[in-house]
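So you know, we letter chains A, B, ... as the sequences are listed, proteins then strands, and number each from 1. Note: hydrogens, waters and symmetry copies are ignored here, and every other heavy atom, side chains too, is used.
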Amino acid sequence: MKDKVTSLLRHHIEGDIVLEKPKERSFGHFATPAAFGLAKILRKSPIVIAQDLAAQLSHVEAFSSVEAVSGYINIRLSDAFLEEYASWAITHEAQFAKGIKEGKILLEFVSANPTGPLHIGHARGAIYGDTLLRLGRHLGYEMTAEYYINDAGNQMDLLGTSIMLEAKSTLLGQEVVYPESFYRGEYMTDLAKEAMAEFGAEVFVEANQMMLAQWGKERVMKLIIDTLASANIHFDTFVSEASLYGDWERVLAKLQANDAIAMVEEKLWLKSTLKGDEKDRVVVRENGKPTYLAGDLIYHNQKFERNYDQYINIWGADHHGYIARVKAAVDFMGFDSSKLEVLLSQMVSLLKEGEPYKMSKRKGNVILMSDILEEIGADALRFIFASKKSDTSLEFDIETLKKEDASNPAFYINYAHARIQTLLGKSTYSIEQIMQASLEGVGEEGMHLLFDAMQLPEVVDGAFESREIQKLPEFLKRLAGAFHKFYGAHKIIGAPQEAQYLKLFLAVAVSLRVGLSLMGVTAKNRM
RNA sequence: GCGCCCGUGGCUCAACUGGAUAGAGUAUCGGACUUCGGAUCCGACGGUUAUAGGUUCGAAUCCUAUCGGGCGCACCA
């Protein structure tokens, strides 16, 4: 809708056109401060320019009024224009708020280590990524959701060792000596039991450490995938770090050819300071083993060779120091590093009964994503996490997450949708009859509600392009609130305008449904 | 010490990316249809946007400094 209005304005106004939503409803549907910008160029007062433009624009058919108010130009759309737009949305729900954006985007997110189940901190990045994915796809981008599995290095050894130690101490009652760090927790006991059932007690010997690690990784990945699935999150592709190293020689040769590598003290360093990093980074140790960074270099080389238009990585904020070196490497490999966008999902800090709650994977006192999903459900969790700007650290109390009441916006929005379904069920009008009704009788407040509902396309576009997904839940809350208010003020069933009101509500319901689905939440018809 | 992110009513967060009188929820207090779902609605209270400068028609938003918080500063992944 905004696009349509912008293109109508383009015939009359030069330059970039900024359309805003006026603060006060009485000002109209859209406003533009265009006159302020033109004032400098034309050397005239913005107030005079605004008046001239308003006079021209008042002839546009889709506008019912255009007014100049202290330099702003306020535009009101005609009822006919709004009604036509809404009717189309109702009858073309699958198309509503869709875009025609072009481009292939590789979105990598979650990528949690396969050494333990997802905890509540992972959930934020997972929900952020999946919501972006849904928004981007709706807008027309060709998007691939990818999970990078860090299944190499010490942590894999540690996983094998941990399973073995857990089995020995808990299942076999043996005295064991624990290393400095190891994984523990309920899932570890489960893994040990499963391994025991599958392979027998004799499997728990040093020589089988690697085999147990591999087996454990598969089990943990299955856990992770299942947890994600129960939050409606699915990946298209998985890339294993361990599987990449065969390509290391080739990538290294490429980097060396581009003079990106130096040999100092028997180690190979990436000369990332040349690209703005704080210091150079070791990629191959003295003992010949590549570092974790080497894996990431191969991975990003592989990503870029797969030739997407854009690459988005969602990382936990604790990895922000990593961005410079990866971008440097991408540059060195001859790719355009500006195509790589790293979004940070800030830390989630937890409180428990008002006290800070520190999670530690090693100690096993983590709050599992799967537990929270079971307690409050995917909808509530998705809603809460999607409502916060991802680059702000988020603090909340575990106990409040468990509540199911009005503080839960998912309920509030679903309630609006369910109310509409109830009304449609109670009405004697059929959908066909309702669609034939005109919206003329719904009044000014009704037309405002309709306009609100029809803004989903702009919201979806804005939320994705700015990577600020909280705009969508914000919008849905506002729309649901506007609906509840209208509902409270008007009797619907039996009113002379019953069919008109219901047509209006159909438009609201479409917007709520499509909006919710983009958040990975299914709208409820009954509560 | 250096780097990144952040600082908005008591609390949790918005603010169309530089626009009009900074908005919601929650908490607190007070109200509403003996009728469509009261999981709702209406009202009140609550702000020098951390502080101080600067940029301009205009700043929560941009710049500088200071204060405060989080996270990094591995040859661990």
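Using a 30° and 60° split on the angle between ring planes, A/Trp315 and A/His300 fall in the perpendicular class, above 60°. Classified by interplanar angle (parallel below 30°, tilted 30° to 60°, perpendicular above 60°), the ring pair A/His484/A/Tyr412 is tilted. Using a 30° and 60° split on the angle between ring planes, A/Tyr322 and A/His319 fall in the perpendicular class, above 60°. Classified by interplanar angle (parallel below 30°, tilted 30° to 60°, perpendicular above 60°), the ring pair A/His490/A/Phe486 is parallel. The aromatic rings of A/Tyr299 and A/Tyr148 sit parallel, their planes meeting at an angle under 30°, below the 60° perpendicular limit.
Side-chain atoms of A/Asn313 and A/Lys303 form a donor-acceptor pair, as typed in the model, at a separation below 3.5 Å. Counted by atom type alone, A/Thr161 and A/Gln209 present one or more donor-acceptor pairs between their side chains at under 3.5 Å.
Atom pair A/Leu424:CG and B/rC36:P shows a separation of 17 Å (rounding to whole Å applied). B/rC16 atom C1' lies 14 Å from atom CD of A/Glu465, rounded to whole Å. As a whole-Å value, the separation of A/Lys491 NZ from B/rC36 P is 7 Å. Straight-line distance from the CG atom of A/Leu476 to the P atom of B/rA14: 16 Å, rounded to whole Å. Atom-to-atom, CG of A/Asp318 to P of B/rC76 comes out at 17 Å; the value is rounded to the nearest Å. Here the C1' atom of nucleotide B/rC71 and the CZ atom of A/Arg124 are 13 Å apart, to the nearest Å. Atom CZ of A/Arg281 is separated from atom P of B/rC76 by 13 Å (rounded to the nearest Å). Per the geometry, CH2 belonging to A/Trp315 stands 16 Å off C1' belonging to B/rC5, to the nearest Å.
Of the candidates B/rA15, B/rU40, B/rC36, the closest approach to any side-chain atom of A/Tyr415 belongs to B/rU40. Closest contact between the side chain of A/His319 and the listed nucleotides B/rA77, B/rC36, B/rA15 involves B/rA77. Minimum atom distance to the side chain of A/Glu474 is reached by B/rA14, of the listed B/rA14, B/rG37, B/rA77. Relative to the side chain of A/His320, the nucleotides B/rC36, B/rC16, B/rG3 differ in distance, and B/rG3 lies closest. Between B/rU17, B/rA74, B/rC36, one nucleotide has an atom nearer to the side chain of A/Ser466 than all others, and that is B/rU17. Set against B/rC73, B/rA77, B/rA14, the side chain of A/Asn113 has B/rA77 as its closest nucleotide. Candidate nucleotides B/rA39, B/rC71, B/rA77 were compared by shortest atom distance to the side chain of A/Arg285, and B/rA77 ranks first. Residue A/Leu423 has its side chain nearest to B/rC36 when only B/rC36, B/rA15, B/rA77 are considered.
Among the protein residues, A/Lys289 comes within range of no part of the nucleic acid, since none of its heavy atoms lies under 4.0 Å from any strand. No contact: A/Asp277 has no heavy atom under 4.0 Å from any strand. The residue A/Glu458 sits apart from the nucleic acid: no heavy atom pair falls under 4.0 Å. The residue A/Arg325 sits apart from the nucleic acid: no heavy atom pair falls under 4.0 Å. Backbone-only contact: A/Ala152 has heavy atoms under 4.0 Å from sugar-phosphate atoms and none from a base.
Residue A/Lys426 has a polar side-chain atom (N or O) positioned under 4.0 Å from OP1 or OP2 of B/rG37. A/Gln470 has a side-chain polar atom (N or O) that falls below the 4.0 Å cut-off from OP1 or OP2 of B/rA15.
Mapping A/Thr422 and A/Gly153 onto RNA chain B via the closest heavy atom, the residue that lands nearer the 5' end is A/Thr422.
Here the separation of B/rG7 from B/rU66, taken at their C1' atoms, is 14 Å to the nearest Å. One C1' atom belongs to B/rU12, the other to B/rU48, and the distance between them is 23 Å to the nearest Å. To the nearest whole angstrom, the two P atoms, one in B/rG68 and one in B/rU26, are 35 Å apart. Remark: the separation of the P atoms in B/rG23 and B/rG9 is 15 Å, to the nearest Å. Comparing B/rU51 with B/rA60, their P atoms are spaced 11 Å from each other, to the whole Å. Straight-line distance between the P atoms of B/rC5 and B/rA20: roughly 26 Å, to the nearest whole Å. Taking the P atoms as reference points, B/rU40 lies 11 Å from B/rG25, given to the whole Å. Here the separation of B/rA27 from B/rC41, taken at their P atoms, is 13 Å to the nearest Å.
Taking the six-membered ring for Trp and the full ring otherwise, the centers of A/His138 and A/Phe464 sit at least 6.0 Å from each other.
Of all heavy-atom pairs between A/Leu223 and A/Pro117, the closest is CD1-CB, 4.5 Å.
The nucleotide B/rA65 finds its pairing partner in B/rU51, both defining distances of the Watson-Crick or G-U wobble pair being shorter than 3.5 Å. Figure legend. B/rC73 is base-paired to B/rG1; pairs are counted as Watson-Crick or G-U wobble with both atom distances under 3.5 Å. Across all strands shown, B/rU8 remains unpaired; no Watson-Crick or G-U wobble contact has both distances below 3.5 Å. Summarising the base pairing, B/rA39 is matched to no nucleotide, lacking a Watson-Crick or G-U wobble pair whose two defining distances lie under 3.5 Å. Pairing partner, B/rU56: none, since no Watson-Crick or wobble contact has both distances short of 3.5 Å.
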Polar atom pairs (N or O), protein with nucleotides 41-43 of chain B, under 3.5 Å:
unit_1, atom_1, unit_2, atom_2, d
B/rC41, OP1, A/Tyr412, OH, 2.4
B/rC42, OP1, A/Lys485, NZ, 3.2

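In terms of the side chain to side chain contact (heavy atoms under 4.5 Å, CB included) criterion, residue partners of A/Ile493 (sequence neighbours excluded) are, by chain and number, A/Leu423, A/Lys426, A/Ser427, A/Glu498.
A distance-only check finds no donor-acceptor pair linking the side chain of A/Asn113 to the backbone of A/Thr115 [under 3.5 Å].
Taking the O4'-C1'-N9-C4 or O4'-C1'-N1-C2 dihedral as appropriate, B/rU17 has a value within 90° of 0 and is therefore syn.
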